[in-house]
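Everything on this sheet refers to the single structure shown next.
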There are 2 protein chains.
Amino acid sequence: MAKARYHHGDLREALLDAAEALVRERGADGWSLREASARVGVSPSAAYHHFGSRDELVRALSEVVLARLGSHLRAAMDATSGHGAERLVACGRAYVTWAVLDPAVARLVFRGGATEPQSAVSPHPHDVLTTELDRLADTGLLPPQARPGAEFVVWAAIHGLAVLLIDDLVHIDDRRDVELQTERLVSATLNGLAQETAPPADRPLPRTAHTQRVAQSQDAGPSPRTFSP
Amino acid sequence: MAKARYHHGDLREALLDAAEALVRERGADGWSLREASARVGVSPSAAYHHFGSRDELVRALSEVVLARLGSHLRAAMDATSGHGAERLVACGRAYVTWAVLDPAVARLVFRGGATEPQSAVSPHPHDVLTTELDRLADTGLLPPQARPGAEFVVWAAIHGLAVLLIDDLVHIDDRRDVELQTERLVSATLNGLAQETAPPADRPLPRTAHTQRVAQSQDAGPSPRTFSP
DNA sequence: CCCAGATCTGAACAGTGTTGAGATTGCGGT
DNA sequence: ACCGCAATCTCAACACTGTTCAGATCTGGG
C-alpha cells in the first residue's frame, strides 16, 4: 500500500478511522492525536492540515458515528414486521444495544455535545424518532394532543437508559435483559404519552442542537444558550 | 489563614474544593491537578499523599457531589405539600434543574462512572428514587406488578433528559420550560408504569453500581461486568 | 515544463500526570 | 522535655501531550 509516499492520499479519513479504533481500544479519552498520527504513519503536525485541533477531530468523528447510528436505527425499525408501537420499541432496542456493544465510541459521541448547525448528520437519530412518532400519530395510536414534543420524552427515556448503562451507573449482565428492560421502558413511556389529555397551553418545545437553517430564519432574535441562575 | 505553614491542615478537603471550583469555571476537563494544587498553595506532588492519581481525585469529588445531590432531591420532595405522584415529579424537577444549573459539575459526576462499592454515597439519588417508588406502591398509586424495577425506568427517563440538556443535544431556553418538560416526562413515565399488567416472568432486575455488601453476600458467584459480543 | 499551493516533516514550546529522593513538621512514648 | 518516627510537603526530573512554524516535498493546472 502507498506507505512510503510523502502524500498520504486520504489522510483525513485515515485519521478518523485510526481515532475510532483507538477509542474502541483504549476508551474515549485514552488516546492522543500523536498516537493516531503515528498509527497512520504520519507526523503529528500533519493532522493540523485536516483538523484545526484535536477537539475538531473528535467532533468530526462524532458526526460520522452519529449519522451511522441514525441509519442503523432506521434499518432496525424497517426490519420489524410489527406495526405501530413495535417499530418504536425496535428503535429503542437498537439504540441501547448499539451503545452497550460499543460503549467507548458511544461515550465519545454522546459527550461530543452539540454538532455544528450546518453539519449534515443524516439521518440524525432524533429525526428518525420524530418521523416514527409522526407515523404513530397518523395511525391514531398516539392521540394528537400528545404528539407535540413527544419525541423528546421518548428520546430522553431511551438515551437515559443507554447512558446509565455505558457509564456503569446501572448494570445489567445479560444482553437479552438489556433488551427486555428497554422494551419495558419504551412501552411504558409510549403508554404514558397515549394517556395524556390536553396539554398546557404554554407547553415548551425543545430544540435539538442540529437545528436546520430553516428554523434560524424564523426567529430573528438571538436565542440565549444559557439560563440565568 | 494558615498560609505559610508547611503542613496545610486539611489538604484533602481543600483540593476537593479547588477542583470543584475549577470544574465550575473551566468545565469538566478544562483543569489540571497542578492547577488545583497551585490554587491551594501547594506543590503538585503534595496531592499524591491524599489521592493515588488525578482520576482518584475526580472519583472522590464525584462521590461527594453525588451524595449532595441525593439529599437535595430528598429535601425537594419533602418541601412538596403534594401527595402521591407530585412528590416524584418534584424529585425529577430537582434532578434536572440541578444538572442544568451546574452543568460542568453534573457532567463530571455523571461521567465519573461507577463509584467504589464500599463508598458511602449517602443518600444515593437512586436510593431516594427507590424509597419514593416504594411509597407510591404502598399507597396503591403504583400497582404491585409494576413496582419491581420501576426505579430504573423513572431514573432512566429523568437522567436522560438531564444528560441531553447538559450535553447540549437538546436545548430549552427558559428554566421554567425545563421544569414543564420534566413534569411531563415524569408524569408520562409514571402513568405508563401504572398501566402495566403482569410482567414477564423473566423480567430482569438491573443493579446499581453502588451495590451494598448485603447483596454481595447473597450471590457467591462473580458477576461479570461486561457483555460477550 | 514549471511553479503555485496543498501536503507533510522536524524541531521546538509550554504544560501535563507521575515519580522518587530528600526536607520539614507534628505526635506518641519514654 | 526530648527523641525518633511517620506523615506531610518540596524539588527536580521523566515521558508525554497539544500546538505552532519554518522549510522540505509532492501534485495538478496553465
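All values derive from a computational prediction rather than experimental measurement. Per chain, numbering begins at 1; letters A, B, ... match sequence-line order.
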Exercise. How would DNA chain D look in dot-bracket form, 5' to 3', counting Watson-Crick and G-U wobble pairs with both distances under 3.5 Å and writing | for bases paired to another strand?
Worked result: ||||||||||||||||||||||||||||||
Run the side-chain donor-acceptor check on residues 151-160 of chain B: report pairs under 3.5 Å with partners two or more places apart or on a different chain.
| from | atom 1 | to | atom 2 | distance (Å) |
| --- | --- | --- | --- | --- |
| B/Glu151 | OE1 | B/Arg147 | NH1 | 2.8 |
| B/Trp155 | NE1 | B/Tyr95 | OH | 3.2 |
| B/His159 | ND1 | B/Tyr95 | OH | 2.8 |

Problem set entry | Pairs touching residues 65-76 of chain B that satisfy salt bridge (Lys or Arg N to Asp or Glu O under 4.0 Å), sequence neighbours left out | B/Glu20-B/Arg68
Exercise. For the pair made of CG in A/Leu57 and C1' in D/dT19, what is the distance, rounded to whole Å?
Worked result: 14 Å
Exercise. Which letters describe nucleotides 12-18 of chain D, given B = protein heavy atom under 4.0 Å from base, S = only from sugar-phosphate, - = neither?
Worked result: -B---BB
Exercise. Under 4.0 Å between a side-chain N or O of B/His49 and OP1 or OP2 of D/dT10?
Worked result: no
Exercise. Taking CZ from A/Phe51 and P from C/dT7, how many angstroms apart are they, rounded to a whole number?
Worked result: 12 Å
Exercise. Which residues satisfy the side-chain hydrogen bond (donor to acceptor under 3.5 Å, both in side chains) test with A/Arg12, sequence neighbours excluded?
Worked result: none
Problem set entry | Electrostatic pair A/Arg184:A/Glu179 at N-O distance under 4.0 angstrom | no
For this session: Not counting sequence neighbours, which residues clear ring-ring contact (aromatic ring centres under 6.0 Å, His included) with A/His50? List them please.
Result: none
Under 3.5 Å donor-acceptor pairs involving side-chain atoms of residues 40-47 of chain B, not counting sequence neighbours:
| from | atom 1 | to | atom 2 | distance (Å) |
| --- | --- | --- | --- | --- |
| B/Ser43 | OG | B/Ser45 | N | 3.4 |
| B/Ser43 | OG | B/Ser45 | OG | 3.2 |

Exercise. Counting only side-chain N and O atoms of A/His50, is one of them less than 4.0 Å from OP1 or OP2 of C/dA6?
Worked result: no
Problem set entry | side-chain hydrogen bond (donor to acceptor under 3.5 Å, both in side chains) pairs, two or more places apart, involving residues 99-108 of chain A | A/Arg24-A/Asp102
For this session: Using salt bridge (Lys or Arg N to Asp or Glu O under 4.0 Å) as the criterion, list what pairs up with B/Arg87, not counting sequence neighbours.
Result: B/Asp78, B/Glu132
Exercise. B/Leu22 CG to C/dG15 C1': how many Å, rounded?
Worked result: 15 Å
Problem set entry | Spacing between B/Leu11 atom CG and D/dT10 atom C1', to the nearest angstrom | 13 Å
